[in-house]
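Have a look at the structure below, then the notes.
Counting from 1, the numbers follow the sequence of the chain as shown. In this text, all values refer to a predicted model and were calculated from it rather than measured experimentally.
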Amino acid sequence: MKKLILVAALCICGAATAAKPAQHRVVSCNIRVALDTDEQKGMGWSVRKKACLEVMKRQKADIFCLQEVFAPQDEDIRKAFPEYIALGYDGPEMDAAMGTAYFGIAKNMVLFSKKRYELLAAGTCWLSETPLIGGSMSWETARARHFNWVRLRDRRTGQEFRVASIHLDHISQQARTAQIDAFIAEAAQYPARFPQILAGDFNSKPGNPVMQALEKAGWRDAWPEANGTETVREPSFHGFKGAAYKAKGKPGPIDFIFLKGAGIRAVESHLVKDSVKGVFPSDHYFLSADIVIE
C-alpha cells in the first residue's frame with residue numbers, strides 16, 4: 001500500500017513538473033547605429049562592439065529584438081551568435097543602397113534560438129501608407145520606419161506565438177501615433193487569443209498617445225506587469241552616460257516590451273545596465289523580460 005502511495009505521489013509530482021508553463025527570455029536592444037560621428041567622439045561601433053556583444057551574451061536570451069542595425073553590425077552579430085537565426089536586415093531597400101555607409105534606414109532585426117524554436121513565418125511591414133514598399137515614408141516621419149516579425153513554434157511545448165521588433169519616429173508625435181496605429185491594425189489580423197510580443201524603441205514615454213493606443217487595443221506593458229504599477233521607472237536612454245545621465249523633462253523609459261493574447265504574461269522585467277570596462281554597449285539600456293506562455 002505504501003508503495004502504491006509513493007508511486008502515485010511521484011506521478012502527481014511528475015505531472016506538475018510537466019505542466020509548468022514555458023518561459024521565454026526576450027531582450028530588446030537598441031544598439032545605436034554605427035556612425036562615423038560617434039567614432040570621432042570615441043563611442044563608435046569599433047569601440048562598443050565587444051561590449052555590446054558581451055552584454056548581449058550575458059543575458060542568455062531566447063529571443064533578441066534589435067533596433068538601429070547597420071550593415072557592419074548585422075555582420076558582427078550574425079558571426080557572434082551562430083546558434084541563433086537572424087532575420088530582418090536583408091531586403092530590396094538594402095540591395096538598392098549596397099555599398100553605401102548610411103542612407104537613412106536602420107533595421108530592426110529579430111534573433112531567436114535555433115535549438116529552441118522552429119520558424120513558421122516572417123515578414124517586414126513598413127510603417128507608411130504603402131507598407132509593402134521598402135523604405136517608404138508617410139505622415140512626415142523623419143526617417144523610414146518599419147517592424148520585422150517572426151512567427152515561432154516552441155519545440156518544447158508546441159506553442160506558437162509572434163514576436164515583432166519596432167522603432168518609431170524620433171521627432172514627430174504625429175508620425176509616431178500613425179505608425180503605432182498601423183502596427184495595431186496589422187497585428188489585429190491575429191485572433192485575440194493568439195500570443196504576441198512587441199519590443200523596441202517607441203521614442204515615447206509612459207502616458208504618451210502611443211502607449212494609450214496600444215493599451216486600448218489590448219496590449220500590456222510587460223514591465224509594470226512584472227514589477228507592479230507603483231515601482232518607479234528609470235530612463236532607458238542614457239546618452240552613453242549611464243547613471244550620470246540627467247533626463248530632459250519628465251524621466252521615463254522609451255524602450256518597451258508589450259504583450260497581447262491569452263495565457264501570456266511577464267514574470268520578470270528589468271533594464272540591463274551592464275558595461276564592460278566602463279564601455280556601454282549603446283546609448284540605451286537594454287530591456288529584458290521573462291515571459292510565460294501557457
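Across Ala213 and Ile184, no two heavy atoms sit closer than the pair O-CD1, 3.5 Å. Pairing each heavy atom of Gln159 with each of Ala22, the nearest pair is OE1-CB, 3.8 Å. Closest approach of Thr177 and Val210 over heavy atoms only: N-CG2, 4.2 Å. Residues Phe280 and Gly242 approach most closely at CZ-CA, 3.5 Å, considering heavy atoms. In plain terms, the two heavy atoms of Glu294 and Val292 that are nearest each other are CG-CG1, 3.6 Å. Nearest heavy-atom pair, Phe70 versus Ile105, reported as atom, atom and distance to 0.1 Å: CE1-O, 3.4 Å.
With hydrophobic clusters built from ILVMFWY side chains whose heavy atoms lie under 4.5 angstrom apart, Leu152 shares a cluster with Ile85. Val26 and Leu66 fall into different hydrophobic clusters, where Ile, Leu, Val, Met, Phe, Trp and Tyr are joined by side-chain heavy atoms under 4.5 Å apart, directly or via other members. One hydrophobic cluster, built from ILVMFWY side chains closer than 4.5 Å, holds both Val150 and Ile197. Ile166 and Ile264 fall into different hydrophobic clusters, where Ile, Leu, Val, Met, Phe, Trp and Tyr are joined by side-chain heavy atoms under 4.5 Å apart, directly or via other members. Residues Met109 and Leu127 do not share a hydrophobic cluster, defined by chaining ILVMFWY side chains whose heavy atoms lie under 4.5 Å apart.
Counting heavy atoms from C-beta on, the side chains of Glu93 and Lys107 come closer than 4.5 Å. Counting heavy atoms from C-beta on, the side chains of Asp221 and Met211 never come closer than 4.5 Å. Contact of the Pro206 side chain with the Pro253 side chain is registered, since non-hydrogen atoms from C-beta on lie closer than 4.5 Å. Under the 4.5 Å side-chain criterion, counting only non-hydrogen atoms from C-beta, Ile133 is not in contact with Ser128. Inter-residue side-chain proximity for Arg145 and Leu168 is flagged as unmet; no heavy-atom pair is nearer than 4.5 Å. For the pair Met94/Tyr89, a side-chain contact is recorded, criterion being any heavy-atom separation below 4.5 Å from C-beta on. Between Asp201 and Ile254, some side-chain heavy-atom pair lies under the 4.5 Å cut-off. Put simply, the side chain of Trp139 does not reach to within 4.5 Å of the side chain of Asp169, judged on heavy atoms.
For the residue pair Arg162/Gln196, the side-chain donor-acceptor check at 3.5 Å is satisfied. One side chain, Arg176 or Gln173, offers a donor N or O that lies under 3.5 Å from an acceptor on the other. Neither side chain, His170 nor Asn203, offers a donor N or O lying under 3.5 Å from an acceptor on the other. With hydrogens and angles left out, the side-chain atoms of Asn227 and Glu268 include no donor and acceptor closer than 3.5 Å. Neither side chain, Asn148 nor Asn108, offers a donor N or O lying under 3.5 Å from an acceptor on the other.
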Report the C-alpha distance between Leu87 and Leu119 in whole Å, list the side-chain angles of each, state the deciding distance to 0.1 Å, and finish with yes or no for side-chain contact (heavy atoms from CB on, under 4.5 Å).
CA-CA 10 Å; Leu87 292 177; Leu119 176 66; 3.7 Å; yes
Test ring-ring contact (aromatic ring centres under 6.0 Å, His included) on Phe81 and Phe64 and set out the steps.
CA-CA 11 Å; Phe81 291 89; Phe64 290 100; 5.5 Å; yes
For the pair Ser269 and Leu287, evaluate side-chain contact (heavy atoms from CB on, under 4.5 Å) and give the outcome as yes or no after the intermediate values.
CA-CA 7 Å; Ser269 185; Leu287 177 64; 3.8 Å; yes
Checking side-chain contact (heavy atoms from CB on, under 4.5 Å) for the pair Phe194/Arg151: CA distance, chi angles, key distance, verdict?
CA-CA 11 Å; Phe194 189 83; Arg151 180 167 176 158; 3.5 Å; yes
Please walk me through it: do Trp149 and Leu198 pass side-chain contact (heavy atoms from CB on, under 4.5 Å)?
CA-CA 9 Å; Trp149 61 270; Leu198 171 66; over 6 Å; no
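Scanning for side chain to side chain donor-acceptor pair (under 3.5 Å) contacts around Glu118 gives Arg153, with sequence neighbours left out. In this structure, Asp255 has no salt bridge (charged side-chain N to carboxylate O under 4.0 Å, His left out) partners at least two apart in sequence or on a different chain. Remark: Trp219 pairs with Phe183 by the ring pair (Phe, Tyr, Trp, His ring centres under 6.0 Å) rule, at least two apart or across chains. Looking at residues two or more places apart in sequence or on another chain, you find a ring pair (Phe, Tyr, Trp, His ring centres under 6.0 Å) between Tyr285 and His238. With sequence neighbours excluded, the residues that form a side chain to side chain donor-acceptor pair (under 3.5 Å) with Glu234 are Lys273. Here Trp126 pairs with His146 under the ring pair (Phe, Tyr, Trp, His ring centres under 6.0 Å) rule; sequence neighbours left out. Every residue meeting the ring pair (Phe, Tyr, Trp, His ring centres under 6.0 Å) condition with Phe161, not counting sequence neighbours, appears here in chain and number order: His24, Tyr117.
At least one donor-acceptor pair under 3.5 Å links the side chain of Lys114 to the backbone N or O of Pro82. Checked by atom type and distance alone, the side chain of Ser172 never pairs as donor or acceptor with a backbone atom of Glu140 at under 3.5 Å. Distance alone, capped at 3.5 Å, places no donor-acceptor pair between the Ser288 side chain and the Val27 backbone. The backbone N or O of Met56 lies less than 3.5 Å from no partner atom in the side chain of Gln59, so there is not a single donor-acceptor pair.
Comment: Asp90 engages Arg78 in a salt bridge, judged by a side-chain N to carboxylate O separation of less than 4.0 angstrom. Taking the charged nitrogens against the carboxylate oxygens, Lys115 and Glu83 have no contact shorter than 4.0 Å, which rules out a salt bridge.
Enclosure of atom CD in Gln212 by more than 12 non-hydrogen atoms of other residues, nucleotides or ligands within 6.0 angstrom is indicated.
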Can you list, pair by pair, the side-chain donor-acceptor contacts under 3.5 Å of residues 243-252, counting residues two or more places apart and other chains?
none

Considering only distance and modelled atom types, tabulate donor-acceptor pairs under 3.5 Å from the side chains of residues 43-50, sequence neighbours left out.
{"residue": "Trp45", "atom": "NE1", "partner": "Asp76", "partner atom": "OD2", "Å": "2.8"}
{"residue": "Ser46", "atom": "OG", "partner": "Glu39", "partner atom": "OE1", "Å": "2.7"}
{"residue": "Ser46", "atom": "OG", "partner": "Glu39", "partner atom": "OE2", "Å": "3.3"}
{"residue": "Arg48", "atom": "NE", "partner": "Met43", "partner atom": "O", "Å": "2.8"}
{"residue": "Arg48", "atom": "NH1", "partner": "Ile31", "partner atom": "O", "Å": "2.8"}
{"residue": "Arg48", "atom": "NH1", "partner": "Pro281", "partner atom": "O", "Å": "2.8"}
{"residue": "Arg48", "atom": "NH2", "partner": "Arg32", "partner atom": "O", "Å": "3.2"}

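Under the salt bridge (Lys or Arg N to Asp or Glu O under 4.0 Å) criterion, the residue pairs touching residues 55-72 are Glu54-Arg58, Arg58-Asp274, Asp62-Arg116, with sequence neighbours excluded. Sorted by first then second residue, the ring pair (Phe, Tyr, Trp, His ring centres under 6.0 Å) pairs that include residues 258-277, not counting sequence neighbours, are Phe202-Phe258, Phe256-Phe258.
Here Ser138 contributes atom OG and Gln174 contributes atom CD; the two are 10.5 Å apart, rounded to the nearest 0.5 Å. Note: Ile63 CD1 to Ser113 OG = 9.0 Å, rounded to the nearest 0.5 Å. To the nearest 0.5 Å, the span separating CG on Leu111 from SG on Cys65 amounts to 9.0 Å. Rounding to the nearest 0.5 Å places OG of Ser204 at 8.0 Å from CD1 of Ile180.
Cluster partners of Leu132: none. The rule joins Ile, Leu, Val, Met, Phe, Trp and Tyr whenever side-chain heavy atoms lie under 4.5 Å apart, and it links nothing here.
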